[in-house]
Amino acid sequence: MLSQFIIALEKRTRIDTVLSKFRNLFYSSGDSICFSDEAFVKLLDIIESGGRSYLNVAIQAGVRWANPVQRMSLRKAIHSRGFLSPACLWAYRSLRGGYEPILKDFKAPEMGFMQILILRHIDPAVSIPFLIENFQQKPDTPEELKDLARLCTLAILNNGMTPDLLKSMQTRYPKTSILRNWRPSIPCRDIPRKVPATCGADDFHQLVRSVLDVRELSSLTRVLYLAWLFYVPLSDKDLRQLWLNSADSNYFQLLAGSGIVDRTGSGYILTSDIAKQGLARRFLFETYPLAKESIQRSRTVKMKEERERKVKNSELDRQALEMSPDGIICVDQAKSLYYMNPAAEKTLQDENWLRTTLFGPISFEDAIRRYSREKVVSNIRKLGSDKAISAQIFGDRISLETQGKHFDIELGPQVVLIRNSTDQNLINKEVGKLYRHELSAALDVMGIGIDSAKRLILEGSPEESVKILEQIENKRLELFHMLEERIDFIRLHSDSFQIQPTAVNLNILVDRCLGNYSEVAANKGVKIQSNHLYEQGIYVAGEERFLRRAIDNLVRNAVKFCHQGGRVEINLRSLINQACCSVEDDGPGIPPENLGKIFHLGFTTGGSGRGLYLARKIAKAHGGRLEVKSSLGNGACFTLTLPKSIET
C-alpha cells in the first residue's frame with residue numbers, strides 16, 4: 001500500500017484525495033498526521049534500497065509525515081544511501097543534519113541548484129568560499145548556477161556578517177565583484193506585488209507577460225522549478241528557507257493566484273490540474289535549461305528502472321547479464337523496451353564513437369527502440385572512406401577498430417553483443433610479430449654465425465670461431481628471454497592462468513633487480529637508495545619469475561626517467577597481511593592526463609608499451625595491486641602491494 005501511496009504522490013494526484021485514500025498509513029497526532037510505525041519501516045526500505053525514480057518522493061513524504069523519533073531514523077537512512085537527488089540534500093538539512101556531508105562537488109545541475117539554496121543558511125565563513133570556488137569561478141558551471149550562486153552570496157551578505165569576516169573575504173577573493181562592490185543597505189520592508197484574485201489557464205500567460213526584466217524572469221522560473229521539484233505540501237516556513245529574496249516570495253504568491261500552485265490545509269503544492277501542469281512544464285522547458293535537463297533525466301531514470309524491472313524477472317538471468325564482461329543489449333520490439341547490462345552501459349558511455357557508429361547520431365533511446373540488424377549494418381556502411389574507423393562486416397558479425405581500440409559486435413534479432421577485444425587483438429599482433437619478424441631474424445643471425453664458425457674452424461682459426469660462437473650464445477640467451485617474455489605475456493591473458501605460489505623473499509628479489517641496473521645507474525650518475533638490506537626478511541606468496549619481472553620493470557623505468565645525477569629510492573614495508581615495495585624517482589613526473597593511461601596495453605612514452613601493463617597484470621594475478629602517485633616536476637612513486645606468505 002505504501003508503494004501505491006508514493007506512486008500517487010509522484011503522479012501529483014490531488015493531495016487531500018491521496019491522504020483520504022491511504023489514511024490507514026497514518027495516525028493522528030494533535031492537529032497533524034504521522035506515518036504509522038509499520039508504514040515508516042516500509043518507507044525506510046524504499047529509501048535505503050529502492051529505485052532512484054521514486055527516491056525524491058519517498059524522502060519528501062518522510063520529512064512531511066514522520067514523527068520526531070522517526071525523523072532521526074530518516075536522517076540516518078538518507079546519509080547511509082547517499083545524496084542521490086535534490087530531495088536528499090533538502091531533507092538532510094530539514095532534519096537538522098550537519099552541513100559537512102553536503103559540501104561536495106555534485107555533477108548533476110539540479111543537485112547544485114538545491115545545494116546553493118541550502119548554503120544560504122549555514123556559516124558565511126563556509127558558504128561564501130564554497131559558492132565562489134565551486135560555482136562562480138568554475139568555467140564549466142552552467143550560467144544558471146553561476147547566477148544563482150551570485151544571488152545566494154548577495155542574500156548572505158544582506159543578511160549580515162561581521163566587518164572582519166567581510167574584509168577577510170574581500171582580501172581572499174579580490175576579483176569577486178559582489179564582495180568588492182557590496183555595501184550595507186538601509187533596512188526596509190519590501191512591498192509585495194498585488195496577487196490577482198482570479199485564476200484559470202489564461203492567468204499564467206498574463207503573469208508571464210507582466211514580467212518586467214531578466215531578474216524577475218529569473219525569480220519566476222526559479223520558484224516555478226522549486227514547486228515542480230516537490231511532491232508534498234510545503235509550509236510557509238519550508239518555503240522561506242528556499243527563497244533568496246523578496247521577489248521569490250512575491251512570484252510564488254503570484255503562481256498561487258494563477259492556479260499553478262494550490263493552497264491546501266497543510267501547505268503549498270504544485271497544482272494537480274494536468275492542463276496547468278502542462279503550461280508549467282512547457283514554460284520551464286523553454287526558459288530554464290536546468291529544469292529541462294532535470295525533468296528529462298528524471299524521466300530517463302524512471303524509464304530505465306521500468307525496463308530493468310521487466311527484464312530482470314528471472315534472478316538467474318539477471319545475474320548472468322550483470323556478471324558478463326561482454327556488453328549485452330536486449331531489445332523487445334513488440335513493447336519498445338530495451339535493457340543494457342552494466343558492461344554495455346559503461347562501454348557505450350566511455351566510447352561515444354562506438355555508439356554513434358552503431359546506432360547513428362540520433363538519440364540513443366530512439367535508435368535502440370527502432371533497432372534492426374539491417375539498420376546497424378547500414379550505419380556502418382555509411383562510414384565509407386572514413387579512415388579514422390576501420391570496419392569489417394562478416395554477416396551478423398562486425399569488427400570495428402579506431403585509435404588502437406578494437407570491438408567485435410554480434411547482431412541478433414533482439415540481442416546485441418559488444419565485446420571489447422582490444423587486448424586480444426594486440427596479443428594476436430604480438431604473436432604474429434614474434435613469428436614473422438623477431439624469431440625469424442634471430443634464427444637467421446644464428447644460422448649465419450654457425451656457418452661462419454664452421455668456415456673458420458676449417459680454415460684453421462679456432463680462436464676466431466670461439467668468439468663467433470660466444471656471440472651466437474649471447475643471441476641464443478637473448479632469444480630465450482624474448483620467448484619467455486612473450487610466453488608470459490600470453491599466459492597472463494589466458495582465462496585458465498593461475499600462479500603457482502611459493503614463499504618468495506622480497507628482499508632478495510629486490511637485490512637481484514638492483515644488480516641488473518647498478519651499472520646503468522652509475523653511468524647516469526643516479527644514486528639508488530634502498531632499505532631491503534636493513535629490513536628483516538619479508539616473504540610474499542607468489543611466483544618468483546613473474547614478481548621479478550614486475551619489480552624489474554619498476555626499477556628500470558625509475559632509472560630511465562630519473563634526471564642525470566638524480567635519485568631512486570626503494571622502500572620495503574611489512575604490514576599485517578601485506579607487503580609493499582615502493583619505487584620512487586625524482587624524474588619529470590607523469591602528466592595528469594596520462595595517469596589513467598600508463599597501465600593500458602600499447603601506451604608508451606618510448607618503450608614497448610607492455611611493461612607497466614604486465615606489471616599490473618602480475619600484481620592482480622597475485623591478489624595484489626600496483627598504484628602510482630605522481631605530479632609534473634615531482635617524479636613518480638609506484639607501489640606494489642602483495643599478500644604475505646603464511647609459510648616462510
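The figures here come from the full heavy-atom set of this structure, side chains too, leaving out hydrogens, waters and symmetry mates.
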I'd like to check the ring-ring contact (aromatic ring centres under 6.0 Å, His included) partners of Phe283; sequence neighbours left out, ordered by chain and number. Phe204
Roughly how far, to the nearest 0.5 Å, is the CD atom of Gln136 from the CG atom of Asp147? 9.5 Å
Backbone of Cys152 reached by a side-chain donor or acceptor of Arg120 within 3.5 Å: no
Just verifying a value: how many Å separate Arg93 CZ and Leu117 CG, rounded to the nearest 0.5 Å? 13.0 Å
For Asn577, does the CG atom have more than 12 heavy-atom neighbours from other residues, nucleotides or ligands under 6.0 Å away? no
Write down the atom of His121, the atom of Gln241, and the distance for their closest heavy-atom approach. NE2-O, 2.6 Å
For residues Ile178 and Leu157, determine if any side-chain heavy atom of one lies less than 4.5 Å from a side-chain heavy atom of the other. yes
Tell me whether the NZ or CZ atom of Arg12 lies within the 45° cone about the ring axis of Trp228 and under 6.0 Å from its centre. yes
Is any side-chain N of the basic residue among Asp213 and Arg215 closer than 4.0 Å to the acidic one's carboxylate O? no
Please indicate whether Arg355 has more than 12 foreign heavy atoms, meaning atoms of other residues, nucleotides or ligands, lying under 6.0 Å from its CZ. yes
Atom pair CE (Met161) and OG (Ser168), whose distance is rounded to the nearest 0.5 Å: 8.5 Å
Indicate yes or no: does Glu144 engage Lys146 in a salt bridge with an N to O separation below 4.0 Å. no
Within the supplied structure, the quantity of interest is the number of heavy atoms (other residues, nucleotides, ligands) at a distance under 6.0 Å from Ile274 CD1; does it exceed 12? no
Anything under 3.5 Å between a donor and an acceptor, one on a side chain of residues 17-24, the other on a protein residue two or more places apart or in another chain? List them.
unit_1 : atom_1 : unit_2 : atom_2 : d
Arg23  : NH1    : Ser20  : O      : 2.7

Take a 6.0 Å sphere around CZ of Arg263 and say whether it holds more than 12 heavy atoms from other residues, nucleotides or ligands. yes
Taking Gln277 for its side chain and Thr271 for its backbone only, find out whether a donor-acceptor pair lies under 3.5 Å. yes
Using salt bridge (Lys or Arg N to Asp or Glu O under 4.0 Å) as the criterion, list what pairs up with Glu10, not counting sequence neighbours. Lys302
Residue list, ring-ring contact (aromatic ring centres under 6.0 Å, His included) with Phe230, at least two apart or on another chain: Trp90
Inter- and intrachain pairs under salt bridge (Lys or Arg N to Asp or Glu O under 4.0 Å), touching residues 231-246, at least two apart: none
Chi angles and distances behind the side chain to side chain donor-acceptor pair (under 3.5 Å) call for Glu133, Tyr173: CA-CA 9 Å; Glu133 294 174 10; Tyr173 304 105; 2.4 Å; yes
For Lys629, does the NZ atom sit with more than 12 other heavy atoms under 6.0 Å from it, leaving out its own atoms? no
Using a strict cut-off of less than 4.0 Å between a Lys/Arg side-chain nitrogen and an Asp/Glu carboxylate oxygen, indicate whether Glu286 and Arg281 qualify as a salt bridge. no
Could you note down all residue pairs passing ring pair (Phe, Tyr, Trp, His ring centres under 6.0 Å) where residues 35-88 supplies at least one of them, sequence neighbours left out? Phe5-Trp65, Phe26-Phe35, Phe26-Trp65, His79-Tyr92, Phe83-Tyr92
Atom pair CG/OG1 of Leu626 and Thr641 - distance to nearest 0.5 Å: 8.5 Å
Calculate, to the nearest 0.5 Å, the distance between atoms OG1 and CE belonging to Thr153 and Met169 respectively. 10.0 Å
Distance from Asp123 atom CG to Ile128 atom CD1, nearest 0.5 Å? 9.0 Å
Within the structure provided, determine whether Leu255 and Tyr268 are in side-chain contact (heavy-atom separation under 4.5 Å). no
Please step through side chain to side chain contact (heavy atoms under 4.5 Å, CB included) for the pair Leu119 and Leu103, ending with a clear verdict. CA-CA 9 Å; Leu119 286 169; Leu103 295 179; 3.6 Å; yes
Could you go through Leu270 and Ile260, starting from their C-alpha distance and side-chain angles, then the distance that decides it, and tell me whether this counts as side chain to side chain contact (heavy atoms under 4.5 Å, CB included)? CA-CA 6 Å; Leu270 191 74; Ile260 296 296; 4.0 Å; yes
Side-chain contact, heavy-atom cut-off 4.5 Å: Leu354 with Ile418? yes
For Glu38, does the CD atom have more than 12 heavy-atom neighbours from other residues, nucleotides or ligands under 6.0 Å away? no
